[in-house]
Amino acid sequence: MMKPSAILVVLLALLTRGASAQQPPNIVFFFTDDQTTSTLGCYGNPIIQTPNIDQLARRGTRFENAFVSQAICWVSRTTILTGLTGRSYGTPGNRELATADAVRELYTDRLRASGYRTGYFGKWHAKMPKDFRREDHFDEFEAIGRNPFYKQQADGSLRHETEVIVDRGIDFIQRHDPDKPFALNLWFNACHAEDSDRRPGIGHFPWPRSVDGMYDDVQIPEPRLASPGIFESQPDFLKTTINRERYFWRWNTPQKYQTNMRAYYRMVSGIDGAIGRFMKALEDAGMADNTIIVYSADNGYYMGNRGFAGKWSHYDDALRVPMIVMDPRVPEDAKGQVSQKTVLNLDLPSTFLDYASVEIPERYQGNSIRRIVQGDAVDEWRTESFHEHFAVRNRIPAFEGLRNDQYKYVRYFDHGGYEFLHNLQNDPEELTNLVDDPDYADVLAQMRKRTDARVQELGGPLQPLDQFNESTDPMPVAAANVSAKPDADGFVRVFDGKSLRGWSGDSKYWSVQDGALTGVADGTLKMNRFITWKHSTVRNFDLRVKVKVTTGGNSGIQYRGTMRPDIGLDVVSGYQCDVVADRPDYNGMLYDEKGRRIIARTGQKVVIDTDGQPWIVGEFPIRDFEPDQWHEYRVLVKGNHHQHWIDGHMTSDVIDLDEAGRSLEGVLAVQVHVGPAMKIQYKDFRIKHLPDNLPLIHAGEVTIAEGSLGVKPQGRLPKDWQPPVYAAAASVE
């Protein structure tokens with residue numbers, strides 16, 4: 001029989017446990033940028049590795065039909081902070097800017113007033129009135145942005161913003177008083193592209209280095225809506241918008257698509273790993289059993305579907321987002337459920353306040369999803385959602401409309417009221433516009449009417465637009481010229497002569513001196529150091545630049561290169577026009593950095609056969625160019641034909657038939673080289689982008705004469721080395 005003292009201990013323990021269960025739950029909100037549902041394992045992606053997010057879905061509720069009201073970063077974020085749609089919180093005449101009244105009290109202020117300790121770490125990007133102070137609305141606040149994604153730490157190392165944000169979150173909970181509830185916002189910049197850096201891979205989609213190498217051996221399936229006919233079916237104002245412009249930054253070639261998709265997947269897996277680290281810290285702190293975890297994104301994302309990039313338009317690619325809510329206190333039968341109910345980012349602030357037992361303001365336009373997560377039967381729920389876009393109206397087509405389980409209706413009111421009507425049950429990919437189908441005339445009329453009414457409820461029609469500006473040609477002749485401004489001769493300035501703007505490299509080696517892009521090495525380099533142009537990749541082009549190199553100096557103009565983060569953040573491999581001060585037989589030659597190495601020495605006309613063997617098919621004089629003097633280098637590349645000149649004198653002429661070894665597109669860079677101390681300078685740096693579709697030269701179109709000699713390879717060779725001799729019977733065509 002239990003002693004009275006023991007019974008008292010048990011009763012006290014039960015009472016304490018009961019009191020603890022009644023304490024308000026902690027809330028952690030993981031918020032990603034530019035993420036569609038198709039990039040998570042729990043939403044059906046068989047390739048991506050997101051075990052920690054998938055575990056949240058198994059323990060919580062995954063919403064299959066979660067959407068945003070407006071698919072753009074700052075509007076979506078402000079909607080969550082205020083509980084209002086963009087049309088409702090915006091300033092008349094400037095709807096992207098929140099009114100002072102709309103942001104006087106954020107949902108976090110209500111949580112703080114009820115005893116919550118609030119924290120915010122990460123991306124902000126909300127357009128607030130002049131006197132608004134972000135720090136006033138949180139107990140702890142630190143805006144952590146991208147550009148660059150890699151943050152320099154006190155010890156000089158670089159750490160990805162995803163990791164830094166979670167570091168701050170872990171520190172926040174480790175310092176937290178467990179007797180007080182907390183609400184923590186960890187708002188990532190990932191998976192947003194670094195728009196000012198269009199170098200494929202780690203330039204455009206930088207990932208935490210902890211996931212280096214992931215997906216390198218995976219072939220990502222092409223976009224499910226990649227058919228050119230789908231793009232061609234769009235109205236002209238969608239084919240020339242920013243969605244199409246950024247397509248050419250990210251997805252327009254198979255190689256660029258694979259490189260960027262792998263990089264994007266690494267960003268997602270990097271977030272997942274950081275979340276796993278946070279969840280362990282939460283468990284270690286003893287707070288996991290009373291902490292609600294929410295995972296969502298600010299908008300969806302076009303990853304090549306319909307020939308688009310970005311978000312912004314009315315299709316579900318842009319509007320649909322992941323949403324997972326994990327409440328560890330729910331009954332077992334509510335864990336791992338998948339809800340088909342339509343939920344919105346607009347619902348999140350109401351949900352947070354509901355969990356905290358804080359009164360939800362009447363002006364909030366969303367609903368708490370708490371009861372759905374708990375597994376309760378919720379019969380009264382929205383059957384239709386309102387969506388719009390009006391941000392950057394002069395460049396992004398604006399629309400408004402409604403979506404329900406059966407239909408989606410929108411109208412692009414700045415473009416003649418152009419309308420779409422999709423039957424989502426019969427046509428979930430939204431490929432058919434039923435506006436002109438007489439069988440749907442009644443549906444169209446009713447949805448127009450309901451849209452009119454909803455617009456009035458939320459703030460009324462927007463003022464007319466003065467002028468809309470197209471962003472791109474739907475099919476540019478040279479994709480690299482998208483968002484570039486060529487001069488009258490068709491050249492784009494690569495270097496402005498004043499700053500390193502538009503370039504990425506280590507400032508230890510690179511600077512601007514005397515109006516020139518300048519690289520300096522002191523003779524102790526262990527590895528070549530590069531500086532890379534960020535504006536675009538290069539394909540077919542005519543490049544002109546003046547170069548000056550000191551005696552003993554060695555550099556090169558790298559083109560169609562590949563970023564090599566496995567070696568270093570600034571390292572590039574690929575074709576190179578060598579710049580060598582004291583070696584006339586190297587100066588201006590064609591070199592393949594970290595590849596086939598020397599493929600044509602200076603003064604050689606070369607054909608590289610289909611097996612990668614370079615053969616000398618002609619020669620021209622070699623000239624000596626004085627060091628410490630300015631010389632004009634020219635690189636002309638058309639398809640697989642490469643030509644180099646110095647001061648108008650040809651130094652290299654190569655046709656590359658090696659499909660496995662060559663590259664048809666890549667980045668532009670210059671380097672400082674391992675070896676003696678040196679100084680290299682580039683000025684008057686410009687490039688003319690030639691048409692993308694220039695033809696390739698094929699094996700049957702060139703002749704390698706019987707007896708032609710192979711190019712002498714780089715490196716130490718046997719004393720009795722003799723060049724290979726071409727025999728026609730051995731050629732492979």
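Atom set for the values below is all heavy atoms of this structure, side chains included, hydrogens, waters and symmetry mates excluded. We count residues from 1, following the sequence as given.
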Query raised in the report: Within 45 degrees of the axis of the six-membered ring of Tyr215 and under 6.0 Å from its centre: does Arg266 put its NZ or CZ there?
Result: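 Not flagged: Arg266 not positioned over aromatic ring of Tyr215.
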Requested in this report: Answer yes or no for Arg117 and Phe172: cation-pi contact, defined as NZ/CZ to six-membered ring centre under 6.0 Å and angle to ring axis within 45°.
Outcome: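 Here Arg117 passes the 6.0 Å and 45° test against Phe172.
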Query - Nearest heavy-atom neighbours spanning Asp347 and Gly366 - result: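 Of all heavy-atom pairs spanning Asp347 and Gly366, the closest is OD1-CA, 3.3 Å.
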Aromatic ring centroids of [X] and [Y] under 6.0 Å?
{"X": "Phe205", "Y": "Tyr264", "result": "yes"}
{"X": "Tyr120", "Y": "Phe141", "result": "yes"}
{"X": "Phe308", "Y": "Trp312", "result": "no"}
{"X": "Phe278", "Y": "Phe30", "result": "yes"}
{"X": "His422", "Y": "His314", "result": "yes"}

Side chain to side chain donor-acceptor pair (under 3.5 Å) involving [X] - partner list, sequence neighbours excluded:
{"X": "Trp207", "value": "Asp212"}
{"X": "His389", "value": "none"}
{"X": "Lys341", "value": "none"}
{"X": "Glu222", "value": "none"}

Side chain to side chain contact (heavy atoms under 4.5 Å, CB included) partners for [X], two or more places apart:
{"X": "Ala281", "result": "Ile170, Ile173"}
{"X": "Asp442", "result": "none"}
{"X": "Asn423", "result": "Gln406, Tyr407, Gln425, Asn426, Leu434, Tyr440"}
{"X": "Asp316", "result": "Phe67, Arg320, Arg403, Lys408, Glu430"}

Nearest 0.5 Å, what's the [atom1]-[atom2] distance between [X] and [Y]?
{"X": "Asn290", "Y": "Asp327", "atom1": "CG", "atom2": "CG", "result": "8.5 Å"}
{"X": "Met267", "Y": "Glu161", "atom1": "CE", "atom2": "CD", "result": "7.0 Å"}
{"X": "Leu106", "Y": "Asp109", "atom1": "CG", "atom2": "CG", "result": "5.0 Å"}
{"X": "Thr351", "Y": "Ile27", "atom1": "OG1", "atom2": "CD1", "result": "9.5 Å"}
{"X": "His387", "Y": "Thr85", "atom1": "NE2", "atom2": "OG1", "result": "11.5 Å"}
{"X": "Ile293", "Y": "Asn52", "atom1": "CD1", "atom2": "CG", "result": "11.5 Å"}

Query - Main-chain N/O of Asp139 paired with Thr118 side-chain donor or acceptor, under 3.5 Å - result: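 It does hold such a pair.
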Query raised in the report: Would you find a donor on one side and an acceptor on the other, under 3.5 Å apart, between the side chain of Ser269 and the backbone of Gln49?
Result: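 Answer holds: yes.
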**Report entry** salt bridge (Lys or Arg N to Asp or Glu O under 4.0 Å) partners of residues 25-46, not counting sequence neighbours, each pair once
**Finding:**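 Qualifying pairs: Asp33-Arg77, Asp33-Lys123, Asp34-Lys311.
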**Report entry** Qualifying salt bridge (Lys or Arg N to Asp or Glu O under 4.0 Å) pairs with a residue from residues 351-362, counting only residues at least two apart or across chains
**Finding:**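 For residues 351-362: Asp354-Arg370.
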Query - Single hit among Ser76, Ser385, Ser69 for side chain to side chain contact (heavy atoms under 4.5 Å, CB included) with Leu346 - result: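 The passing option is Ser69.
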Pair [X]-[Y], side-chain donor/acceptor within less than 3.5 Å:
{"X": "Gln365", "Y": "Ser88", "result": "yes"}
{"X": "Arg58", "Y": "Gln55", "result": "yes"}
{"X": "Asn45", "Y": "Tyr265", "result": "yes"}

Query - With Asp289 via salt bridge (Lys or Arg N to Asp or Glu O under 4.0 Å) - residues at least two apart - result: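 Once residues adjacent in sequence are excluded, Asp289 has no partner under the salt bridge (Lys or Arg N to Asp or Glu O under 4.0 Å) criterion.
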Query raised in the report: Crowded around Lys180 NZ? As in, over 12 foreign heavy atoms under 6.0 Å?
Result: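 Yes.
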Query - Qualifying ring pair (Phe, Tyr, Trp, His ring centres under 6.0 Å) pairs with a residue from residues 331-384, counting only residues at least two apart or across chains - result: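 Every pair satisfying ring pair (Phe, Tyr, Trp, His ring centres under 6.0 Å) with a residue in residues 331-384: Phe29-Phe352, Tyr107-Phe352.
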Requested in this report: Mind telling me whether Tyr301 and Trp251 have parallel, tilted or perpendicular rings, with 30° and 60° as the class edges?
Outcome: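 Trp251 vs Tyr301 ring planes: perpendicular.
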